[in-house]
Amino acid sequence: MTLHDIYLLSPELSLAAIAMALILLDLVVSRKSLLAAFGALGLIVPVILSVILWIDLDNSSVSQMQGIFGTLVVDKFSLFFKFLLSIAAALVILMSAGYVQRIRNFQGEFYGLVLLSTSGMMLLASATELISIYVALELTALPSAALAAFLRDGKSAESGMKFLILSAISSGVILYGMVYIYGFTGTTSLEGIASQIERLISYGVLDPQAAFGDNKALLFGVILLIAGFGFKISSVPFQFWAPDVYEGAPTPITAFLSVASKAAGFAVILRLFYISFPFEAFSENWAAIFAILSIVSMTFGNLVAIRQNNIKRMLAYSTIAHAGYVMVGLAAFAARAQSGSMDAGPSAVLFYLGGYVATNLLVFGAVIAVSNKIDSDEIDDYAGMARRAPLIAAAMAFAMISLTGIPPTIGFMSKVYLFGAAVNANLEWLAVAGMVNSVISAYYYLRVVKVMYLRDPAEDKPVVADAATGVALTATAAATFIFGVYPTPLIDLARSAVSVLGV
(Lines give C-alpha, C1' and ligand atoms only; values in the text may rest on other atoms or scores of the structure.)
Protein backbone atom coordinates (compact mmCIF):
# COMPACT_ATOMS: atom_id res chain seq x y z
CA MET A 1 0.00 0.00 0.00
CA THR A 2 1.43 3.35 -1.05
CA LEU A 3 1.04 6.75 0.60
CA HIS A 4 -1.38 7.65 -2.19
CA ASP A 5 -3.55 4.66 -1.26
CA ILE A 6 -3.54 5.75 2.38
CA TYR A 7 -4.55 9.25 1.28
CA LEU A 8 -7.49 7.85 -0.69
CA LEU A 9 -8.50 5.65 2.25
CA SER A 10 -7.99 8.40 4.83
CA PRO A 11 -11.72 8.88 5.69
CA GLU A 12 -12.17 5.16 6.37
CA LEU A 13 -8.85 4.79 8.19
CA SER A 14 -9.54 7.82 10.37
CA LEU A 15 -12.96 6.42 11.25
CA ALA A 16 -11.45 3.07 12.25
CA ALA A 17 -8.82 4.90 14.34
CA ILE A 18 -11.51 6.92 16.13
CA ALA A 19 -13.41 3.69 16.85
CA MET A 20 -10.32 2.13 18.43
CA ALA A 21 -9.63 5.32 20.40
CA LEU A 22 -13.21 5.28 21.68
CA ILE A 23 -12.88 1.75 23.00
CA LEU A 24 -9.60 2.64 24.75
CA LEU A 25 -11.08 5.86 26.12
CA ASP A 26 -13.90 3.84 27.64
CA LEU A 27 -11.32 2.07 29.82
CA VAL A 28 -9.96 5.22 31.43
CA VAL A 29 -12.84 7.72 31.77
CA SER A 30 -15.50 7.57 34.44
CA ARG A 31 -17.87 10.08 32.76
CA LYS A 32 -19.28 7.86 30.03
CA SER A 33 -21.18 10.80 28.52
CA LEU A 34 -17.83 11.94 27.10
CA LEU A 35 -17.82 8.92 24.79
CA ALA A 36 -20.82 10.11 22.76
CA ALA A 37 -19.31 13.58 22.43
CA PHE A 38 -15.96 12.11 21.37
CA GLY A 39 -17.59 9.83 18.80
CA ALA A 40 -19.84 12.52 17.30
CA LEU A 41 -17.09 15.16 17.17
CA GLY A 42 -14.60 12.60 15.90
CA LEU A 43 -16.71 12.18 12.77
CA ILE A 44 -15.66 15.69 11.80
CA VAL A 45 -12.27 14.20 10.86
CA PRO A 46 -13.50 11.92 8.00
CA VAL A 47 -15.77 14.76 6.83
CA ILE A 48 -12.80 17.15 6.62
CA LEU A 49 -10.69 14.53 4.84
CA SER A 50 -13.55 13.94 2.39
CA VAL A 51 -13.78 17.68 1.74
CA ILE A 52 -10.03 17.76 1.03
CA LEU A 53 -10.45 14.89 -1.45
CA TRP A 54 -13.39 16.72 -3.09
CA ILE A 55 -11.29 19.90 -3.48
CA ASP A 56 -8.43 17.82 -4.87
CA LEU A 57 -10.78 16.41 -7.52
CA ASP A 58 -12.05 19.90 -8.40
CA ASN A 59 -8.48 21.13 -8.86
CA SER A 60 -7.39 18.18 -11.01
CA SER A 61 -8.13 17.26 -14.61
CA VAL A 62 -9.49 13.81 -13.69
CA SER A 63 -12.91 12.90 -12.34
CA GLN A 64 -11.67 10.10 -10.10
CA MET A 65 -8.57 8.85 -8.29
CA GLN A 66 -7.84 5.13 -8.20
CA GLY A 67 -5.87 3.20 -5.63
CA ILE A 68 -5.03 -0.25 -4.22
CA PHE A 69 -4.46 -1.81 -7.64
CA GLY A 70 -7.66 -0.37 -9.10
CA THR A 71 -9.99 -1.88 -6.48
CA LEU A 72 -10.80 1.47 -4.88
CA VAL A 73 -11.88 4.75 -6.43
CA VAL A 74 -12.43 8.17 -4.93
CA ASP A 75 -14.81 10.32 -6.93
CA LYS A 76 -17.64 12.71 -6.15
CA PHE A 77 -20.11 9.81 -6.10
CA SER A 78 -18.26 7.99 -3.30
CA LEU A 79 -17.58 11.26 -1.46
CA PHE A 80 -21.30 12.12 -1.50
CA PHE A 81 -21.99 8.92 0.41
CA LYS A 82 -19.05 9.49 2.76
CA PHE A 83 -20.62 12.82 3.74
CA LEU A 84 -24.07 11.27 4.07
CA LEU A 85 -22.90 8.29 6.13
CA SER A 86 -20.72 10.43 8.41
CA ILE A 87 -23.63 12.74 9.17
CA ALA A 88 -25.98 9.79 9.76
CA ALA A 89 -23.50 8.10 12.12
CA ALA A 90 -22.95 11.33 14.07
CA LEU A 91 -26.69 11.84 14.52
CA VAL A 92 -27.21 8.23 15.60
CA ILE A 93 -24.45 8.58 18.21
CA LEU A 94 -26.05 11.76 19.55
CA MET A 95 -29.44 10.05 19.75
CA SER A 96 -27.83 7.14 21.61
CA ALA A 97 -26.43 9.28 24.44
CA GLY A 98 -29.44 8.77 26.72
CA TYR A 99 -30.42 5.34 25.42
CA VAL A 100 -27.06 3.69 26.21
CA GLN A 101 -27.67 4.02 29.96
CA ARG A 102 -29.21 0.57 29.50
CA ILE A 103 -25.79 -0.77 28.47
CA ARG A 104 -23.63 1.48 30.62
CA ASN A 105 -20.72 -0.98 30.87
CA PHE A 106 -20.41 -1.41 27.10
CA GLN A 107 -20.81 2.11 25.71
CA GLY A 108 -17.34 2.23 24.19
CA GLU A 109 -17.91 -0.98 22.28
CA PHE A 110 -21.36 0.23 21.17
CA TYR A 111 -20.06 3.46 19.67
CA GLY A 112 -16.97 1.74 18.28
CA LEU A 113 -19.04 -0.82 16.39
CA VAL A 114 -21.22 1.95 14.93
CA LEU A 115 -18.10 3.69 13.59
CA LEU A 116 -16.55 0.47 12.27
CA SER A 117 -19.76 -0.43 10.45
CA THR A 118 -19.84 3.09 8.99
CA SER A 119 -16.27 2.70 7.73
CA GLY A 120 -17.34 -0.46 5.90
CA MET A 121 -20.25 1.40 4.31
CA MET A 122 -17.91 4.17 3.17
CA LEU A 123 -15.59 1.59 1.64
CA LEU A 124 -18.56 0.01 -0.09
CA ALA A 125 -19.32 3.29 -1.88
CA SER A 126 -15.73 3.42 -3.19
CA ALA A 127 -15.26 -0.23 -4.20
CA THR A 128 -14.93 -0.83 -7.95
CA GLU A 129 -14.16 -4.54 -7.96
CA LEU A 130 -16.25 -7.53 -6.96
CA ILE A 131 -13.93 -8.89 -4.27
CA SER A 132 -13.47 -5.51 -2.61
CA ILE A 133 -17.25 -5.03 -2.68
CA TYR A 134 -17.70 -8.35 -0.88
CA VAL A 135 -15.06 -7.51 1.76
CA ALA A 136 -16.70 -4.12 2.39
CA LEU A 137 -20.09 -5.81 2.72
CA GLU A 138 -18.79 -8.11 5.45
CA LEU A 139 -17.09 -5.22 7.25
CA THR A 140 -20.50 -3.54 7.26
CA ALA A 141 -22.63 -6.53 8.22
CA LEU A 142 -20.67 -8.12 11.09
CA PRO A 143 -20.63 -5.04 13.38
CA SER A 144 -24.30 -4.42 12.54
CA ALA A 145 -25.24 -7.94 13.64
CA ALA A 146 -23.41 -7.45 16.94
CA LEU A 147 -25.14 -4.10 17.47
CA ALA A 148 -28.58 -5.61 16.81
CA ALA A 149 -28.00 -8.06 19.69
CA PHE A 150 -26.45 -5.50 22.02
CA LEU A 151 -29.25 -5.35 24.61
CA ARG A 152 -28.69 -9.05 25.35
CA ASP A 153 -32.34 -9.75 26.12
CA GLY A 154 -34.57 -12.25 24.32
CA LYS A 155 -35.78 -9.98 21.52
CA SER A 156 -32.40 -8.36 20.94
CA ALA A 157 -30.59 -11.71 20.82
CA GLU A 158 -33.16 -13.01 18.35
CA SER A 159 -32.74 -9.83 16.31
CA GLY A 160 -28.96 -10.20 16.13
CA MET A 161 -29.12 -13.90 15.32
CA LYS A 162 -31.65 -13.41 12.53
CA PHE A 163 -29.66 -10.57 11.06
CA LEU A 164 -26.40 -12.54 11.22
CA ILE A 165 -27.80 -15.71 9.64
CA LEU A 166 -29.82 -14.00 6.92
CA SER A 167 -26.99 -11.58 6.20
CA ALA A 168 -24.65 -14.54 5.76
CA ILE A 169 -27.12 -16.20 3.39
CA SER A 170 -27.51 -13.01 1.34
CA SER A 171 -23.73 -12.58 1.23
CA GLY A 172 -23.45 -16.14 -0.06
CA VAL A 173 -26.02 -15.40 -2.76
CA ILE A 174 -24.09 -12.27 -3.77
CA LEU A 175 -20.82 -14.21 -3.85
CA TYR A 176 -22.40 -16.94 -5.97
CA GLY A 177 -23.65 -14.29 -8.41
CA MET A 178 -20.18 -12.74 -8.53
CA VAL A 179 -18.72 -16.15 -9.36
CA TYR A 180 -21.04 -16.47 -12.37
CA ILE A 181 -20.17 -12.95 -13.56
CA TYR A 182 -16.46 -13.62 -13.13
CA GLY A 183 -16.70 -17.04 -14.77
CA PHE A 184 -18.35 -15.52 -17.82
CA THR A 185 -16.28 -12.34 -18.19
CA GLY A 186 -12.95 -13.46 -16.70
CA THR A 187 -12.56 -10.30 -14.60
CA THR A 188 -13.71 -8.89 -11.26
CA SER A 189 -13.26 -5.23 -12.24
CA LEU A 190 -16.55 -3.41 -12.86
CA GLU A 191 -15.15 -1.54 -15.85
CA GLY A 192 -13.49 -4.75 -17.04
CA ILE A 193 -16.84 -6.55 -16.94
CA ALA A 194 -18.38 -3.84 -19.13
CA SER A 195 -15.46 -3.98 -21.58
CA GLN A 196 -15.63 -7.76 -21.84
CA ILE A 197 -19.40 -7.73 -22.44
CA GLU A 198 -18.95 -5.09 -25.14
CA ARG A 199 -16.26 -7.25 -26.76
CA LEU A 200 -18.48 -10.34 -26.68
CA ILE A 201 -21.33 -8.37 -28.27
CA SER A 202 -19.03 -7.22 -31.08
CA TYR A 203 -17.88 -10.82 -31.63
CA GLY A 204 -21.48 -12.02 -31.84
CA VAL A 205 -21.22 -14.19 -28.73
CA LEU A 206 -23.95 -12.14 -27.03
CA ASP A 207 -27.14 -11.10 -28.79
CA PRO A 208 -27.78 -7.38 -28.06
CA GLN A 209 -31.46 -7.82 -28.94
CA ALA A 210 -32.10 -10.60 -26.41
CA ALA A 211 -32.48 -10.38 -22.64
CA PHE A 212 -29.00 -10.30 -21.08
CA GLY A 213 -27.49 -11.25 -24.42
CA ASP A 214 -29.41 -14.55 -24.44
CA ASN A 215 -26.85 -15.94 -21.99
CA LYS A 216 -28.18 -17.94 -19.05
CA ALA A 217 -24.99 -17.66 -16.97
CA LEU A 218 -25.03 -13.87 -17.18
CA LEU A 219 -28.76 -13.77 -16.46
CA PHE A 220 -28.39 -16.03 -13.42
CA GLY A 221 -25.47 -14.03 -12.08
CA VAL A 222 -27.33 -10.72 -12.35
CA ILE A 223 -30.46 -12.16 -10.69
CA LEU A 224 -28.38 -13.49 -7.79
CA LEU A 225 -26.76 -10.08 -7.35
CA ILE A 226 -30.16 -8.36 -7.32
CA ALA A 227 -31.46 -10.92 -4.80
CA GLY A 228 -28.46 -10.50 -2.51
CA PHE A 229 -28.49 -6.73 -2.58
CA GLY A 230 -32.27 -6.80 -2.25
CA PHE A 231 -31.67 -8.11 1.28
CA LYS A 232 -29.33 -5.22 2.06
CA ILE A 233 -31.92 -2.61 1.02
CA SER A 234 -34.85 -4.64 2.46
CA SER A 235 -36.88 -4.86 -0.75
CA VAL A 236 -39.63 -7.42 -1.33
CA PRO A 237 -39.33 -10.43 -1.40
CA PHE A 238 -36.08 -10.19 0.59
CA GLN A 239 -37.49 -8.04 3.40
CA PHE A 240 -38.58 -10.72 5.89
CA TRP A 241 -35.71 -9.95 8.28
CA ALA A 242 -36.51 -6.26 8.71
CA PRO A 243 -39.58 -6.17 11.04
CA ASP A 244 -38.16 -8.58 13.65
CA VAL A 245 -34.67 -7.08 13.55
CA TYR A 246 -35.99 -3.52 13.76
CA GLU A 247 -38.23 -4.38 16.69
CA GLY A 248 -35.63 -6.28 18.71
CA ALA A 249 -32.55 -4.17 18.06
CA PRO A 250 -31.70 -1.14 20.21
CA THR A 251 -33.72 1.75 18.78
CA PRO A 252 -30.64 3.81 17.73
CA ILE A 253 -29.39 0.79 15.80
CA THR A 254 -32.79 0.41 14.17
CA ALA A 255 -32.40 4.02 13.04
CA PHE A 256 -28.85 3.32 11.86
CA LEU A 257 -29.87 0.27 9.83
CA SER A 258 -32.86 2.07 8.32
CA VAL A 259 -30.81 4.92 6.86
CA ALA A 260 -27.07 4.18 6.69
CA SER A 261 -27.35 0.55 5.61
CA LYS A 262 -29.93 1.41 2.97
CA ALA A 263 -27.85 4.32 1.62
CA ALA A 264 -24.75 2.12 1.35
CA GLY A 265 -26.76 -0.62 -0.37
CA PHE A 266 -28.04 1.74 -3.04
CA ALA A 267 -24.56 3.21 -3.47
CA VAL A 268 -23.09 -0.15 -4.45
CA ILE A 269 -26.12 -1.05 -6.62
CA LEU A 270 -25.79 2.20 -8.58
CA ARG A 271 -22.08 1.77 -9.17
CA LEU A 272 -22.28 -1.94 -9.96
CA PHE A 273 -25.15 -1.86 -12.44
CA TYR A 274 -24.49 1.51 -14.06
CA ILE A 275 -20.82 0.74 -14.70
CA SER A 276 -20.85 -3.01 -15.38
CA PHE A 277 -24.10 -3.25 -17.40
CA PRO A 278 -24.67 0.15 -19.05
CA PHE A 279 -25.58 -1.19 -22.49
CA GLU A 280 -29.10 -0.54 -23.68
CA ALA A 281 -29.89 -4.22 -24.19
CA PHE A 282 -28.85 -5.00 -20.59
CA SER A 283 -29.98 -1.86 -18.77
CA GLU A 284 -33.54 -2.27 -20.02
CA ASN A 285 -33.58 -5.79 -18.58
CA TRP A 286 -32.25 -5.07 -15.10
CA ALA A 287 -34.15 -1.81 -14.90
CA ALA A 288 -37.36 -3.71 -15.65
CA ILE A 289 -36.58 -6.05 -12.74
CA PHE A 290 -36.08 -3.07 -10.44
CA ALA A 291 -39.35 -1.54 -11.68
CA ILE A 292 -41.24 -4.70 -10.69
CA LEU A 293 -39.47 -4.90 -7.32
CA SER A 294 -40.24 -1.20 -6.82
CA ILE A 295 -44.00 -1.44 -7.19
CA VAL A 296 -44.20 -4.68 -5.18
CA SER A 297 -42.04 -3.29 -2.35
CA MET A 298 -43.87 0.00 -1.97
CA THR A 299 -47.29 -1.66 -2.11
CA PHE A 300 -46.45 -4.50 0.28
CA GLY A 301 -44.66 -2.22 2.74
CA ASN A 302 -47.46 0.33 2.91
CA LEU A 303 -50.31 -2.17 3.16
CA VAL A 304 -48.71 -4.24 5.92
CA ALA A 305 -47.61 -1.13 7.84
CA ILE A 306 -51.29 -0.18 8.23
CA ARG A 307 -51.87 -3.16 10.56
CA GLN A 308 -48.90 -2.55 12.85
CA ASN A 309 -49.35 -1.44 16.46
CA ASN A 310 -45.66 -1.32 17.34
CA ILE A 311 -44.07 1.86 16.00
CA LYS A 312 -40.71 0.20 15.26
CA ARG A 313 -42.39 -2.54 13.23
CA MET A 314 -44.48 0.09 11.46
CA LEU A 315 -41.32 2.00 10.55
CA ALA A 316 -39.71 -1.27 9.41
CA TYR A 317 -42.45 -1.76 6.83
CA SER A 318 -42.17 1.94 6.03
CA THR A 319 -38.51 1.44 5.10
CA ILE A 320 -39.52 -1.43 2.82
CA ALA A 321 -41.95 0.92 1.07
CA HIS A 322 -39.26 3.61 0.78
CA ALA A 323 -36.87 1.07 -0.75
CA GLY A 324 -39.57 0.69 -3.40
CA TYR A 325 -39.71 4.44 -3.94
CA VAL A 326 -35.92 4.67 -4.36
CA MET A 327 -35.96 1.84 -6.91
CA VAL A 328 -38.15 4.05 -9.10
CA GLY A 329 -34.96 6.02 -9.76
CA LEU A 330 -33.07 2.83 -10.66
CA ALA A 331 -35.81 1.80 -13.07
CA ALA A 332 -35.78 5.26 -14.68
CA PHE A 333 -32.38 4.43 -16.18
CA ALA A 334 -34.05 2.08 -18.69
CA ALA A 335 -35.35 4.78 -21.01
CA ARG A 336 -32.50 7.25 -20.55
CA ALA A 337 -32.24 7.76 -24.30
CA GLN A 338 -35.75 9.22 -24.37
CA SER A 339 -35.14 11.37 -21.29
CA GLY A 340 -34.27 15.00 -21.63
CA SER A 341 -31.98 14.69 -18.58
CA MET A 342 -30.10 11.43 -18.62
CA ASP A 343 -28.91 11.78 -15.03
CA ALA A 344 -32.43 12.31 -13.64
CA GLY A 345 -32.85 8.74 -12.35
CA PRO A 346 -29.57 8.31 -10.42
CA SER A 347 -29.49 11.92 -9.18
CA ALA A 348 -33.07 11.47 -7.94
CA VAL A 349 -31.91 8.39 -6.02
CA LEU A 350 -29.16 10.37 -4.28
CA PHE A 351 -31.45 13.32 -3.55
CA TYR A 352 -34.14 11.00 -2.18
CA LEU A 353 -31.62 9.19 0.03
CA GLY A 354 -30.39 12.52 1.43
CA GLY A 355 -33.94 13.53 2.30
CA TYR A 356 -34.77 10.10 3.66
CA VAL A 357 -31.77 10.14 6.01
CA ALA A 358 -32.85 13.49 7.49
CA THR A 359 -36.53 12.57 7.81
CA ASN A 360 -36.14 9.04 9.11
CA LEU A 361 -33.56 10.07 11.70
CA LEU A 362 -35.96 12.81 12.80
CA VAL A 363 -38.74 10.32 13.45
CA PHE A 364 -36.42 7.83 15.13
CA GLY A 365 -34.94 10.57 17.30
CA ALA A 366 -38.44 11.33 18.54
CA VAL A 367 -39.14 7.62 19.10
CA ILE A 368 -35.91 7.27 21.13
CA ALA A 369 -36.74 10.33 23.23
CA VAL A 370 -40.22 8.98 24.03
CA SER A 371 -39.35 5.30 24.50
CA ASN A 372 -36.56 6.22 26.94
CA LYS A 373 -39.21 7.72 29.23
CA ILE A 374 -42.29 5.52 28.76
CA ASP A 375 -40.39 2.26 28.06
CA SER A 376 -42.83 1.25 25.31
CA ASP A 377 -42.90 1.22 21.52
CA GLU A 378 -46.64 0.66 21.21
CA ILE A 379 -48.35 3.36 19.17
CA ASP A 380 -51.28 3.53 21.62
CA ASP A 381 -48.85 4.54 24.39
CA TYR A 382 -48.08 7.73 22.44
CA ALA A 383 -51.57 8.98 23.36
CA GLY A 384 -51.56 12.62 24.42
CA MET A 385 -47.86 13.02 23.75
CA ALA A 386 -48.59 16.50 22.36
CA ARG A 387 -49.38 17.56 25.95
CA ARG A 388 -46.59 15.65 27.67
CA ALA A 389 -43.87 16.50 25.13
CA PRO A 390 -45.09 19.21 22.73
CA LEU A 391 -41.75 19.76 20.97
CA ILE A 392 -41.03 16.05 20.51
CA ALA A 393 -44.58 15.45 19.26
CA ALA A 394 -44.24 18.35 16.83
CA ALA A 395 -40.94 16.93 15.53
CA MET A 396 -42.48 13.49 15.05
CA ALA A 397 -45.58 14.93 13.35
CA PHE A 398 -43.37 16.94 10.99
CA ALA A 399 -41.35 13.79 10.19
CA MET A 400 -44.53 11.82 9.47
CA ILE A 401 -45.72 14.59 7.13
CA SER A 402 -42.38 14.44 5.31
CA LEU A 403 -42.44 10.64 5.02
CA THR A 404 -45.93 10.91 3.54
CA GLY A 405 -44.68 13.45 1.00
CA ILE A 406 -46.59 16.57 2.01
CA PRO A 407 -45.06 20.07 1.58
CA PRO A 408 -43.16 21.99 2.82
CA THR A 409 -40.80 19.09 3.51
CA ILE A 410 -37.92 17.41 1.78
CA GLY A 411 -40.06 14.27 1.56
CA PHE A 412 -42.38 16.12 -0.80
CA MET A 413 -39.56 17.55 -2.94
CA SER A 414 -37.72 14.23 -3.18
CA LYS A 415 -40.84 12.41 -4.35
CA VAL A 416 -41.58 15.12 -6.91
CA TYR A 417 -38.04 14.81 -8.28
CA LEU A 418 -38.10 11.01 -8.19
CA PHE A 419 -41.49 10.58 -9.84
CA GLY A 420 -40.54 13.28 -12.35
CA ALA A 421 -37.53 11.18 -13.34
CA ALA A 422 -39.85 8.22 -13.93
CA VAL A 423 -42.14 10.34 -16.14
CA ASN A 424 -39.13 11.57 -18.15
CA ALA A 425 -38.14 7.94 -18.67
CA ASN A 426 -41.60 7.05 -20.02
CA LEU A 427 -42.48 5.17 -16.83
CA GLU A 428 -45.66 7.09 -16.07
CA TRP A 429 -47.34 3.96 -14.68
CA LEU A 430 -44.57 3.61 -12.10
CA ALA A 431 -44.88 7.26 -11.09
CA VAL A 432 -48.65 6.84 -10.69
CA ALA A 433 -48.09 3.73 -8.55
CA GLY A 434 -45.71 5.73 -6.36
CA MET A 435 -48.22 8.54 -5.90
CA VAL A 436 -51.03 6.11 -5.05
CA ASN A 437 -48.80 4.42 -2.49
CA SER A 438 -47.92 7.80 -0.98
CA VAL A 439 -51.63 8.35 -0.40
CA ILE A 440 -51.94 4.91 1.19
CA SER A 441 -49.00 5.63 3.50
CA ALA A 442 -50.76 8.73 4.85
CA TYR A 443 -53.12 6.42 6.75
CA TYR A 444 -50.56 4.94 9.10
CA TYR A 445 -48.24 7.95 9.28
CA LEU A 446 -51.05 10.33 10.21
CA ARG A 447 -52.50 7.72 12.57
CA VAL A 448 -49.51 8.36 14.85
CA VAL A 449 -50.15 12.10 14.66
CA LYS A 450 -53.81 11.49 15.54
CA VAL A 451 -52.88 9.41 18.59
CA MET A 452 -50.46 12.06 19.85
CA TYR A 453 -52.78 15.04 19.36
CA LEU A 454 -56.34 13.77 19.71
CA ARG A 455 -56.16 11.14 22.44
CA ASP A 456 -55.92 11.80 26.16
CA PRO A 457 -52.65 10.83 27.84
CA ALA A 458 -52.56 7.97 30.35
CA GLU A 459 -50.62 10.27 32.71
CA ASP A 460 -49.52 13.90 32.75
CA LYS A 461 -45.84 13.38 33.58
CA PRO A 462 -43.75 15.43 31.08
CA VAL A 463 -41.45 13.69 28.62
CA VAL A 464 -38.20 15.57 28.02
CA ALA A 465 -35.42 14.61 25.60
CA ASP A 466 -31.81 14.67 26.76
CA ALA A 467 -29.60 17.45 25.39
CA ALA A 468 -27.78 15.31 22.79
CA THR A 469 -31.02 13.91 21.38
CA GLY A 470 -32.41 17.45 21.32
CA VAL A 471 -29.47 18.60 19.19
CA ALA A 472 -30.04 15.71 16.78
CA LEU A 473 -33.77 16.45 16.55
CA THR A 474 -33.12 20.12 15.89
CA ALA A 475 -30.56 19.37 13.15
CA THR A 476 -32.74 16.81 11.35
CA ALA A 477 -35.89 18.95 11.61
CA ALA A 478 -34.00 21.93 10.19
CA ALA A 479 -32.65 19.85 7.28
CA THR A 480 -36.11 18.40 6.57
CA PHE A 481 -37.60 21.90 6.37
CA ILE A 482 -34.76 23.84 4.69
CA PHE A 483 -34.21 21.36 1.88
CA GLY A 484 -37.98 21.05 1.50
CA VAL A 485 -38.21 24.79 0.81
CA TYR A 486 -34.88 25.20 -1.00
CA PRO A 487 -33.65 21.84 -2.36
CA THR A 488 -31.33 23.27 -5.04
CA PRO A 489 -28.00 22.79 -3.17
CA LEU A 490 -28.71 19.12 -2.45
CA ILE A 491 -29.97 18.51 -6.00
CA ASP A 492 -26.84 20.13 -7.47
CA LEU A 493 -24.65 18.02 -5.19
CA ALA A 494 -26.47 14.85 -6.27
CA ARG A 495 -26.12 15.72 -9.97
CA SER A 496 -22.43 16.43 -9.55
CA ALA A 497 -21.96 13.12 -7.75
CA VAL A 498 -23.66 10.95 -10.39
CA SER A 499 -21.81 12.55 -13.31
CA VAL A 500 -18.96 10.07 -12.80
CA LEU A 501 -21.30 7.15 -13.52
CA GLY A 502 -21.45 8.20 -17.16
CA VAL A 503 -25.13 9.14 -17.13
Side-chain angles (χ1 to χ4, degrees), residues 30-41 87-107 110-111 114 150-151 246-247 249-256 258-259 309-312 314-315 358-403 409 445-481:
S30 57
R31 285 185 60 194
K32 301 302 181 182
S33 59
L34 293 175
L35 298 176
F38 182 84
L41 292 175
I87 292 170
L91 291 169
V92 167
I93 288 174
L94 286 174
M95 293 174 184
S96 305
Y99 190 94
V100 292
Q101 297 305 315
R102 307 182 186 192
I103 47 173
R104 183 171 178 79
N105 295 330
F106 304 99
Q107 291 185 39
F110 181 87
Y111 294 130
V114 169
F150 221 81
L151 290 179
Y246 278 36
E247 182 182 6
T251 308
I253 301 309
T254 302
F256 183 67
S258 73
V259 294
N309 295 315
N310 181 289
I311 196 164
K312 288 170 70 174
M314 187 200 81
L315 290 172
T359 303
N360 225 42
L361 286 181
L362 176 58
V363 71
F364 270 109
V367 170
I368 290 169
V370 173
S371 65
N372 276 350
K373 302 299 181 182
I374 68 173
D375 197 28
S376 173
D377 293 316
E378 295 300 311
I379 294 174
D380 289 339
D381 291 332
Y382 282 68
M385 200 54 62
R387 300 182 200 173
R388 299 178 63 187
L391 293 179
I392 296 174
M396 180 175 285
F398 189 55
M400 294 299 180
I401 288 172
S402 183
L403 288 172
T409 63
Y445 287 136
L446 299 183
R447 172 195 170 196
V448 178
V449 179
K450 173 188 172 184
V451 169
M452 291 191 299
Y453 280 86
L454 299 182
R455 289 192 188 175
D456 294 327
E459 57 180 294
D460 294 326
K461 184 178 180 181
V463 173
V464 181
D466 60 87
T469 303
V471 170
L473 285 172
T474 302
T476 49
T480 302
F481 176 73

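In this chain, numbering begins with 1 at the start of the sequence shown.
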Once you round to the nearest 0.5 Å, how far does OG1 of Thr359 lie from CD1 of Ile401?
-> 11.0 Å
Note, Arg455 side chain near Met385 side chain (heavy atom, < 4.5 Å) | no
So CD1 of Ile311 and CZ of Phe364: to nearest 0.5 Å the spacing works out to 8.5 Å
At what distance, to the nearest 0.5 angstrom, does CZ of Arg447 lie from NZ of Lys450?
-> 9.0 Å
Taking all atoms of both residues into account, what is the closest heavy-atom pair of Ser96 and Phe110, and its distance?
-> OG-CE2, 3.6 Å
Could you give me the CA-CA distance, side-chain angles and deciding distance for Asp456 and Arg387, then say whether side chain to side chain contact (heavy atoms under 4.5 Å, CB included) is met?
-> CA-CA 9 Å; Asp456 294 327; Arg387 300 182 200 173; 2.9 Å; yes
Nearest heavy atoms of Tyr99 and Pro250, plus distance in Å = OH-CA, 3.5 Å
When every non-hydrogen atom of Tyr453 is compared with those of Ala397, the smallest separation belongs to CE1-CB, 4.1 Å
Measure the spacing between OH of Tyr382 and CE of Met452 and express it to the nearest 0.5 Å.
-> 9.0 Å
Which value, rounded to the nearest 0.5 Å, describes the distance between Met396 atom CE and Tyr445 atom OH?
-> 12.5 Å
Any sub-3.5 Å donor-acceptor pair from Ser402's side-chain atoms to Ala399's backbone N or O?
-> no
List the atom pairs, with distances to 0.1 Å, where a side-chain N or O of residues 368-375 and a protein N or O form a donor-acceptor pair under 3.5 Å, not counting sequence neighbours.
from   : atom 1 : to     : atom 2 : distance (Å)
Ser371 : OG     : Val367 : O      : 2.9
Ser371 : OG     : Ile368 : O      : 3.3
Asn372 : ND2    : Ile368 : O      : 3.4

List the steps, then state whether side chain to side chain contact (heavy atoms under 4.5 Å, CB included) holds for Asp377 with Glu247.
-> CA-CA 9 Å; Asp377 293 316; Glu247 182 182 6; over 6 Å; no
Exercise: identify the closest heavy-atom pair between Thr254 and Lys312 | OG1-CE, 3.6 Å
Closest contact, heavy atoms only, Asn360 versus Ser258 | ND2-OG, 3.0 Å
Start with the C-alpha distance between Leu362 and Leu473, add both sets of side-chain angles, then the distance that settles side chain to side chain contact (heavy atoms under 4.5 Å, CB included), and finish with yes or no.
-> CA-CA 6 Å; Leu362 176 58; Leu473 285 172; 3.8 Å; yes
Donor-acceptor pairs are to be reported for all side-chain atoms of residues 459-468 against protein atoms at under 3.5 Å, with residues two or more places apart or in another chain.
from   : atom 1 : to     : atom 2 : distance (Å)
Asp466 : OD1    : Ala468 : N      : 3.2
Asp466 : OD1    : Thr469 : N      : 3.0
Asp466 : OD1    : Thr469 : OG1    : 3.1
Asp466 : OD2    : Thr469 : OG1    : 2.9

Should the ring pair Phe481 and Phe398 be called parallel, tilted or perpendicular, given that the plane angle runs from 0 to 90° and is split at 30 and 60?
-> tilted
Give the minimum heavy-atom separation between Leu94 and Ala472, together with the two atoms involved.
-> CB-CB, 4.1 Å
Going from CD1 on Ile87 to OG1 on Thr476, what distance comes out if it is rounded to the nearest 0.5 angstrom?
-> 12.0 Å
